[in-house]
Amino acid sequence: MMILNHIFRVSRLMRLGIQSPVSMFKASSMLPKYSLSKSITTKVLNLNNVKLPKNAQKKAQRQGRGGKNKTAGRGRKGWKMRHSKHTNTPAFAGGQSTLIKRVPKIGIQKRAQLKANRQDLRPLSLETLQYWISTGRLDATKKITLKDLALSGCAGRLKDGVVLLGRGAEFFTSKIDIEVNKASAQAIEAIEKNGGKLTTVYCNRERLQSLLNPEKYMSIPSMILPPSNRSLAMYADEDRRGYLAPLVKDVPRQDILRRILESTQLPMSK
């Protein structure tokens, strides 16, 4: 080991340009004494000595809690102060009417038509209907109409009508004759399995209010026609137990509306 240390010191002196033995001896006395074992040792990286560099992790500044003065760098009174995300929709114009609203619309707006004809129907399951019948809130011996469903409160506060769902069909055992706006195939099957009858009728909000408050109306029509061809075809479908199905049985499709208007003097809903 001593010989290796001496060779290491001599090589260092030769790199410095010192060739003569005398000058090499003088210069060697001035050099620090390094050992070969110390010079070639390296620090091994282990889990116990792993450290992050300095300032590698920086805590996020909590705004609104004393940092960046009183307004926390958000300014005063505005959207960007009161909302964490400062992004708005691409059509946002600073609060005034957007361009799409100011441009006049040309032609038939299908989306507006669908929104106007859309009904807010309350769901009613068969298990809830059976519970209302078992507790005496609905009379199964008489025909259950939309007025009876609205007054009993089994589907909550009605707006446009009721849609009957098949949930709890295995618990439904009553034989009833009921009218609803729409019904699922499972609900129709469960009611007819017990010998009952289900009819889907069209009813809007005005028609329902006339049934609940007849004193406010001079005349109440027995039925009204749906406003669109799509809903007219739905209530004329026998598979959906539509109330117009008996009138258009074995009638060509193009003559359905004419046959309905000839058979009954029903007003068209608006």
Side-chain angles (χ1 to χ4, degrees), residues 110-111 113-212 222-251 253 256-257 260 264 266 268-269:
K110 293 186 178 180
R111 183 176 296 180
Q113 264 192 351
L114 292 175
K115 187 176 181 180
N117 297 332
R118 189 182 301 144
Q119 289 187 305
D120 188 1
L121 303 179
R122 299 290 177 162
L124 174 63
S125 61
L126 287 177
E127 58 182 358
T128 305
L129 183 61
Q130 180 61 48
Y131 177 74
W132 248 249
I133 293 174
S134 302
T135 54
R137 303 182 189 183
L138 286 172
D139 190 2
T141 59
K142 300 179 181 179
K143 185 175 182 179
I144 301 176
T145 61
L146 288 172
K147 180 180 179 180
D148 299 329
L149 296 175
L151 293 176
S152 64
C154 59
R157 186 173 181 179
L158 302 187
K159 291 188 176 181
D160 291 329
V162 177
V163 53
L164 188 62
L165 305 178
R167 189 181 64 187
E170 61 274 12
F171 307 112
F172 191 77
T173 57
S174 300
K175 179 182 177 181
I176 59 173
D177 185 4
I178 188 171
E179 284 186 356
V180 290
N181 293 70
K182 293 181 181 179
S184 64
Q186 187 179 3
I188 295 173
E189 182 182 357
I191 289 177
E192 293 181 349
K193 184 179 179 181
N194 296 327
K197 180 182 177 183
L198 185 140
T199 308
T200 57
V201 298
Y202 176 78
C203 181
N204 55 12
R205 195 166 302 187
E206 184 179 1
R207 164 68 178 164
L208 186 60
Q209 289 299 322
S210 66
L211 294 175
L212 297 176
S222 58
M223 288 187 295
I224 54 177
L225 290 180
S228 62
N229 294 333
R230 183 179 179 181
S231 56
L232 188 65
M234 182 184 68
Y235 288 108
D237 189 2
E238 188 176 359
D239 295 337
R240 298 183 180 181
R241 305 302 186 267
Y243 70 109
L244 300 176
L247 301 177
V248 297
K249 191 175 182 180
D250 300 332
V251 176
R253 185 176 181 180
I256 288 179
L257 182 59
I260 292 174
T264 58
L266 300 180
M268 294 287 292
S269 64

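Below, all heavy atoms of this structure are taken into account, side chains as well, without hydrogens, waters or symmetry copies.
Residues T128 and S125 share a closest heavy-atom pair of OG1-OG, 2.9 Å. Pairing each heavy atom of P226 with each of L244, the nearest pair is CD-CD1, 4.3 Å. Listed here is the closest heavy atom pair of T135 and W132: OG1-O, 3.2 Å. Scanning both residues, A155 and R122, for their nearest heavy atoms gives O-CB, 3.6 Å. Here the closest heavy-atom approach between residue L126 and residue G168 is recorded as CB-O, 4.2 Å. When all heavy atoms of Q119 and Y202 are compared, the pair lying nearest together is NE2-CE1, 3.4 Å.
Annotation: the span from L165 atom CG to K182 atom NZ amounts to 11.5 Å, rounded to 0.5 Å. From L149, atom CG reaches atom SG of C154 across 4.5 Å, with rounding to the nearest 0.5 Å. Annotation: the span from I176 atom CD1 to I133 atom CD1 amounts to 4.5 Å, rounded to 0.5 Å. Note that CG of D237 and OG1 of T200 are 8.5 Å apart. Values are rounded to the nearest 0.5 Å. To the nearest 0.5 Å, atoms CG (L164) and CG (L121) are separated by 11.5 Å.
You'll find the side chain of E192 stays beyond 4.5 Å of the side chain of L198, heavy atoms only. With a 4.5 Å cut-off on side-chain heavy atoms, I178 and L129 count as touching. The shortest side-chain heavy-atom distance between T145 and V201 does not fall under the 4.5 Å cut-off. Using a 4.5 Å heavy-atom cutoff, the side chains of Y131 and L138 are not in contact. For the pair L124/V180, no side-chain contact is recorded, criterion being any heavy-atom separation below 4.5 Å from C-beta on.
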Identify each donor-acceptor pair in which a side-chain atom of residues 184-191 lies under 3.5 Å from a protein atom, sequence neighbours left out, and give them as a table.
from, atom 1, to, atom 2, distance (Å)
S184, OG, G166, N, 3.3
S184, OG, A187, N, 3.3
Q186, NE2, G166, O, 3.4

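Residue pairs meeting the salt bridge (Lys or Arg N to Asp or Glu O under 4.0 Å) criterion with at least one partner in residues 153-179, sequence neighbours excluded, are D120-K159, E127-R167, K143-E179, D160-R205.
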### Query
Would Y235 and N181 satisfy side chain to side chain contact (heavy atoms under 4.5 Å, CB included), going step by step from the backbone distance to the final call?
CA-CA 9 Å; Y235 288 108; N181 293 70; 4.3 Å; yes

### Task
Before giving the answer on side chain to side chain contact (heavy atoms under 4.5 Å, CB included), spell out for R207 and N204 the whole-Å C-alpha distance, their side-chain angles and the decisive distance to 0.1 Å.
CA-CA 5 Å; R207 164 68 178 164; N204 55 12; 3.0 Å; yes

